[in-house]
Amino acid sequence: MRIVFVGPPGAGKGTQAAKLIADYRLVHLSTGDMLRAARDAKTEIGLKAEGYMAAGQLVPDEVIVEVIGQRLREDDCRQGYLLDGFPRTIAQAEALDALLAQAGTPLDLVLEIRVAEDELFRRLAGRGRADDSEEVIRQRLVAYRNQTEPLLAYYSRSGLLKTVDGLGTVEEIYQRIQKVLGEVQ
Ligand code: ADP
């Protein structure tokens, strides 16, 4: 299965992604992880992305589309994958659609984890990652609301979108996700 995982920072995507990839044998494609690795290795992409990431802003579409385009061409992606953190803008979604249409491998599902913004802020403020200062958190939530939320309507129109409630225990949320996957498979 080819799945796109959508949800604001702090929604619990990382936790649920780890469970999903293990149980469904999916390759985990986290653009956040890829960019952090590129940044730490000081590659050309990493150097381009660094400043945006530190400010809680999205890196330019063409940078991330290049990264993910290359990654999707690798052999392991044929077994199915979970795209985590991409696409994050309409332009990225359109680029992905074009790429997948060309390859004849359309998406099966876009899975949204939904959590209210005040709850997200509480969770993120308690998490303490290096880029989790209050201003950067606020900026990431704003980026989500303005740039990523429009994707929900985009994927809803193509009939791919399913939403699960992200409030509850890890297990409860995972069960909701499994139920959705059961309906798609
Ligand atoms: P979050 O913890 O906010 O969910 P991620 O770990 O997915 O964020 O990504 C960390 C940072 O990497 C983002 O704040 C952004 O700067 C950059 N990034 C990740 N994915 C993308 C993308 N698809 N488009 C643009 N920027 C991205």
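Whatever order the structure lists them in is the order used to number ligands and atoms, beginning at 1.
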> Out of all atoms in ligand 1, which are within 4.0 Å of some heavy atom of Ile64? Include the element for each.
22 (C), 23 (N), 24 (N)
> As an exercise, identify every atom of ligand 1 less than 4.0 angstrom from a heavy atom of Gln92.
22 (C), 23 (N), 24 (N), 25 (C)
> Can an N or O of Val59 be found at a distance shorter than 3.5 Å from an N or O of ligand 1?
yes
> Which atoms from ligand 1 have a heavy atom of Gly85 less than 4.0 Å away?
20 (N), 21 (C), 22 (C), 23 (N)
> Go through ligand 1 atom by atom and flag the ones less than 4.0 Å from a non-hydrogen atom of Pro9.
1 (P), 3 (O), 4 (O)
> Numbering the atoms of ligand 1 from 1, which are under 4.0 Å from a heavy atom of Thr31?
19 (C), 20 (N), 21 (C), 23 (N)
> Show every donor-acceptor pair shorter than 3.5 Å between a side-chain atom in residues 162-169 and any protein atom, with sequence neighbours excluded, or say none if there are none.
unit_1: Thr163; atom_1: OG1; unit_2: Glu112; atom_2: OE1; d: 2.7
unit_1: Asp165; atom_1: OD1; unit_2: Leu167; atom_2: N; d: 2.9
unit_1: Thr169; atom_1: OG1; unit_2: Glu172; atom_2: N; d: 3.0

> Would you call Arg123 and Asp118 a salt bridge, taking side-chain N to carboxylate O under 4.0 Å as the test?
no
> Look at Glu171 together with Lys19 and state whether they make a salt bridge at an N to O cut-off of under 4.0 Å.
yes
> Which is closest to atom 13 (C) of ligand 1 by heavy-atom distance: Glu50, Arg36, Arg88, Arg140?
Arg88
> Which of the atoms of ligand 1 are close to Gln57, meaning less than 4.0 Å from one of its heavy atoms?
15 (C), 16 (O)
> Check the side chains of Asp76 and Tyr81 for a donor-acceptor pair under 3.5 angstrom, ignoring hydrogens and angles.
no
> In sequence, state the C-alpha distance, the side-chain angles, and the governing distance for Arg88 and Glu149, and then conclude on salt bridge (Lys or Arg N to Asp or Glu O under 4.0 Å).
CA-CA 8 Å; Arg88 251 186 169 86; Glu149 258 183 12; over 6 Å; no
> Ignoring hydrogens and angles, write down the donor-acceptor pairs under 3.5 Å from the side chains of residues 50-59, residues two or more places apart or on other chains.
none

> Which atoms from ligand 1 have a heavy atom of Phe86 less than 4.0 Å away?
23 (N)
> Is ligand 1 under 4.0 Å from a heavy atom in the side chain of Leu35, in the backbone, in both, or in neither?
side chain
> Ignoring hydrogens, what is the shortest heavy-atom contact between Tyr144 and Pro9? Give both atom names and the distance.
CB-CD, 4.1 Å
